[in-house]
Amino acid sequence: MDKDAVKLAPSILAADFARLGEQVKEAEKAGADRIHVDVMDGHFVPNISIGPVVIQSLRPATPLPLETHLMISDPDLYLEEFAEAGSDSLLVHWEGNNNLHRTVQRIKALGKRAGIVINPATPASVLEEILQDVDQVLVMTVNPGFGGQHFISTTLPKIRRVRQMIDEIKPGCDLEVDGGIDAKTAPLTMEAGANVLVAGSAIFSAKEGIAAAMQRLRAAVGKVKSGTG
Ligand code: DX5
Ligand code: ZN
């Protein structure tokens, strides 16, 4: 996998919400491939973030795909609302969903890209029967709920396993990582087979500014000779 094949998905959770459109534009100009939007309900995770109205406001602000990471209980209740607000992909957790196949089919029926998210304690093997139906897998590299946490390095072997499964079962499926991704950890995840990197604080909280921070991330993954992908 060459460095140009790696996509960057800035997570707006770490952005300045008073200047959200402006900051997203800056990330777009600096070469962001998609914008990652974290939705939290204070129930599925112990934090509350944003809902469909923010997606709706962002929609005309950028042509980039808006991927929506749903950290909410019973995401089925809100799929249509997020789709209508302008989400391009809907990422739902494996955890707590007894009808994941149905959820995925509903996302596809809405004409959106479907992704499955697994938490650090969830094994790669749970993906086996659903992988063929999805466009994307997101491996959490921190416990979901907060930005600015430390990367959990024991997730690296799992990223490798998911990469193998994708290559066998659904080549072309994106393998994304989320949580604690910075210039140090990004190359590790890429080497393990990730091709989409979510980064919040490493981009929006960087002292050097959004564009320079994104350049630093790109340079860091550029040093990786070749992934296992
Ligand atoms: C955490 C969210 C992440 C978060 C990542 O639950 O899913 O997308 O914004 O933030 P950083 O990059 O700061 O770890
Ligand atoms: Zn996220």
Side-chain angles (χ1 to χ4, degrees), residues 6-17 20 23-24 27 30 32-52 54-55 58 64-73 75 78 82 87-96 113-122 134-156 158-159 174-190 194-210 213-214 216-218 220-221:
V6 172
K7 299 187 180 86
L8 292 185
S11 160
I12 60 163
L13 191 63
D16 174 357
F17 280 84
L20 189 55
Q23 295 211 324
V24 164
D33 296 284
R34 49 180 89 165
I35 299 296
H36 183 88
V37 184
D38 290 300
V39 177
M40 307 179 185
D41 65 354
H43 185 257
F44 184 80
V45 288
N47 195 9
I48 299 177
S49 59
I50 54 160
V54 175
I55 309 256
L58 273 182
L64 290 179
L66 299 174
E67 70 172 19
T68 309
H69 178 187
L70 296 172
M71 287 164 275
I72 59 177
S73 303
Y78 300 96
F82 279 104
S87 294
D88 296 285
S89 44
L90 296 164
L91 313 181
V92 291
H93 274 258
W94 176 85
E95 296 82 13
R113 280 168 53 88
I116 301 295
V117 190
I118 53 172
N119 279 342
T122 302
V134 300
D135 304 292
Q136 186 166 342
V137 170
L138 170 50
V139 174
M140 289 306 298
T141 43
V142 299
N143 287 298
F146 301 93
Q149 300 181 82
H150 285 295
F151 178 80
I152 300 172
S153 55
T154 49
T155 57
L156 285 168
K158 178 163 65 176
I159 297 166
D174 275 334
L175 172 43
E176 184 172 49
V177 286
D178 182 8
I181 302 298
D182 58 21
K184 273 199 193 121
T185 56
L188 305 176
T189 61
M190 189 192 159
N195 73 308
V196 187
L197 312 178
V198 176
S201 31
I203 291 176
F204 290 107
S205 310
K207 283 196 195 90
E208 69 261 42
I210 294 169
M214 284 186 54
R216 199 144 68 90
L217 265 180
R218 281 235 181 261
V221 295

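First listed ligand is number 1; within each ligand, the first listed atom is number 1.
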Quick check on contacts: which atoms of ligand 1 are under 4.0 angstrom from a heavy atom of [X]?
X	result
Gly147	10 (O), 13 (O)
His36	8 (O)
His69	7 (O)
Gly179	14 (O)
Met140	7 (O)
Pro144	6 (O)
Asp178	2 (C), 3 (C), 4 (C), 5 (C), 7 (O), 8 (O)

Within-cut-off N or O pair, Met40 and ligand 1, under 3.5 Å = no
Which bit of Ala199 is near ligand 1, meaning a heavy atom under 4.0 Å away: side chain, backbone, both or neither?
-> backbone
Mind reading off the angle at the Zn ion (ligand 2) between the ND1 atom of His69 and the OD1 atom of Asp38, rounded to 10°?
-> 90°
Separation of Ile159 CD1 from Met190 CE (nearest 0.5 Å) = 13.0 Å
Approximate separation, where rounding is to 0.5 Å, of Phe204 CZ and Leu20 CG | 7.5 Å
Closest to the Zn ion (ligand 2), which N/O/S atom of Asp178 is it?
-> OD2
Minimal non-hydrogen separation, Gly145 against Met71, with atom names = N-SD, 4.1 Å
May I ask whether Ala14 places a heavy atom under 4.0 Å from ligand 1?
-> no
Report yes or no: does Gly148 have a heavy atom closer than 4.0 Å to ligand 1?
-> yes
Where the side chain of Glu95 meets the backbone of Asn119, is there a donor-acceptor pair that is under 3.5 Å apart?
-> yes
